[in-house]
2 protein chains.
Amino acid sequence: MKSATPKLNIALVDDHNLFRKGLIKLINLGDTQNKYNILFEAENGGGLKEKMKEPPFPDIILMDIEMPDIDGFEAVDWLQRTHPSIKILVVSMVESEDKILRMLRLGVKGYLSKDIEVEDMHQALETVANNGFYYSDIATEVLNQNLNGVVKPSHPSANLSENEREFLKLVITDMTYYQIADKMNLSPKTIDGYREALFQRLKVKNRTTLAVYAIKHGIVRL
Amino acid sequence: MKSATPKLNIALVDDHNLFRKGLIKLINLGDTQNKYNILFEAENGGGLKEKMKEPPFPDIILMDIEMPDIDGFEAVDWLQRTHPSIKILVVSMVESEDKILRMLRLGVKGYLSKDIEVEDMHQALETVANNGFYYSDIATEVLNQNLNGVVKPSHPSANLSENEREFLKLVITDMTYYQIADKMNLSPKTIDGYREALFQRLKVKNRTTLAVYAIKHGIVRL
DNA sequence: GTATGACAGGGGAAAAATCCCCTTTTTTTA
DNA sequence: TAAAAAAAGGGGATTTTTCCCCTGTCATAC
């Protein structure tokens with residue numbers, strides 16, 4: 001059977017064979033009109049470049065981010081420069097805002113989390129094939145916040161005094177508050193005041209969670 | 001068609017829906033004798049515990065390691081204590097020697113990397129179903145090295161008991177030791193013993209530096 | 001000028017963490 | 001299977017942390 005419109009060629013770039021093979025099954029499952037053709041698979045950006053040396057080229061590429069050697073960012077960047085007409089749909093388990101934003105800025109047509117429903121994946125493929133854009137919830141959110149100049153309700157960790165930062169550096173050590181006071185040439189009671197203020201502002205309940213907060217938010221380095 | 005032997009019930013524990021669904025397709029693909037039945041899926045250890053509250057129980061569980069909340073290690077530990085007859089086949093992209101070894105020590109029946117061939121996955125399932133063991137290359141290598149007494153100056157954080165790891169996860173929260181004891185169904189005095197032992201082994205002097213150590217050495221995730 | 005708020009400091013008590021030394025139970029191993 | 005080694009638990013004391021309420025100082029805004 002020969003369809004009027006030629007099939008759409010799809011390529012998969014992901015470093016886990018089991019995931020690629022499963023994804024192929026899922027794509028075919030939803031491809032009731034038999035319009036998709038899996039052109040090739042690659043394990044990483046390097047493998048992709050290899051396959052892209054000569055035609056045929058895919059119309060759509062499903063791309064993971066975390067891969068050995070040449071990762072998704074590099075691969076997408078390279079694709080946009082060398083084959084700008086190819087539509088890229090990112091399929092990744094990465095949920096960090098930074099990385100999502102970076103991918104969107106590179107101009108990908110879609111961003112899917114790996115824990116979406118199969119139907120959503122089909123929908124995304126369909127949309128992208130028709131020159132649309134498809135972002136899963138988490139990516140949409142990130143996008144909106146950044147378009148609307150949501151400068152982010154200034155993180156509480158943004159406005160710390162110098163003394164408070166110094167105090168936090170010492171909080172993650174094995175010094176007692178009394179020793180910290182001594183080192184900072186302040187009264188233990190003043191230190192107690194810093195502690196109390198930080199507990200409230202950063203919404204933590206004890207010294208340990210304060211230390212964890214400081215580390216997690218990069219206020220102190222390990 | 002009714003087979004003489006009842007079907008083998010399989011459960012999948014992995015936090016990525018797309019991977020689970022793909023894996024199901026791949027399992028069915030190789031199941032020419034139609035002997036496997038996917039009993040349920042779970043997103044993490046918590047979901048697994050939920051499903052394991054009452055029969056029917058699976059015969060084999062395919063388990064990922066990295067999952068939110070209750071991870072693969074905890075889930076396997078729990079399973080071995082509560083349902084020791086269930087066969088566990090780890091399917092993970094984790095390739096760190098430490099973690100592979102830890103899983104093997106927990107007594108899993110098999111260890112598969114996510115980038116194996118589909119046929120190998122079928123083979124592994126078959127082998128485990130028949131009371132065998134199946135380790136993919138990387139796991140076999142790790143196992144051999146350690147059997148041959150390639151000791152490796154093991155980091156003190158390498159040989160922590162499961163209870164100690166669980167304790168460390170709770171140490172970085174705002175729970176008191178009393179609450180931790182309660183949650184782990186142990187006496188506060190036992191928890192105090194864990195604390196003391198870890199202080200000495202990891203050379204730290206208080207709860208805060210213990211938490212910092214655990215974070216710095218990747219024993220707990222933020 | 002005075003109010004307001006941020007910063008430094010204090011008293012005192014309750015809660016939690018830390019330490020030291022010891023017993024029982026369970027598991028491993030020789 | 002007896003001995004040894006972990007693991008679990010306990011008593012009790014000391015130190016540290018946490019909390020609440022309160023005083024003075026200084027600057028800055030009104």
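Chain naming here is simple, since letters A, B, ... match the order of the sequence lines and numbering starts at 1 in each. Just so it is clear, the structure is predicted and the values come from calculations on it, not from any experiment.
- Both B:P188 and B:E164 lie near DNA chain D, and the one whose nearest nucleotide falls closer to the 5' end is B:E164.
- With respect to the salt-bridge test (charged N to carboxylate O, under 4.0 angstrom), the residues A:D77 and A:R81 qualify.
- Residue B:E74 forms a salt bridge (Lys or Arg N to Asp or Glu O under 4.0 Å) with just one option from B:R165, B:R102, B:K169, and that option is B:K169.
- The neighbour count for B:K21 NZ, taken as heavy atoms of other residues, nucleotides or ligands under 6.0 Å away, is above 12.
- Protein chain A touches strand DNA chain C; the 5'-most and 3'-most nucleotides with an atom under 4.0 angstrom of its non-hydrogen atoms are C:dA8 to C:dG12.
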Could you encode protein contacts along nucleotides 11-28 of chain D as a string, one character per nucleotide from 5' to 3', using B for base contact, S for sugar-phosphate-only contact and - for no contact, with a heavy-atom cut-off of under 4.0 Å?
-> BB---SSBB---------
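- Interatomic distance, B:L26 CG to B:E117 CD, rounded to the nearest 0.5 Å: 11.0 Å.
- B:S161 and B:N163 share no donor-acceptor pair across their side chains, judged by distance under 3.5 Å alone.
- Within a 6.0 Å sphere centred on NZ of B:K87, other residues, nucleotides and ligands contribute more than 12 heavy atoms.
- In this structure, a donor-acceptor pair under 3.5 Å is present between the side chains of B:N9 and B:N37.
- Salt bridge status for B:K114 with B:D14: present, with a side-chain N to carboxylate O gap under 4.0 Å.
- From one end of the helix from C:dG1-D:dC30 to C:dA30-D:dT1 to the other, with five pairs defining each end axis, the axis direction shifts by 40° (rounded to 10°).
- Taking the charged nitrogens against the carboxylate oxygens, B:K35 and B:E126 do have a contact shorter than 4.0 Å, which makes a salt bridge.
- Checked for salt-bridge contact, B:K99 and B:D71 miss the test: no charged N lies under 4.0 Å from a carboxylate O.
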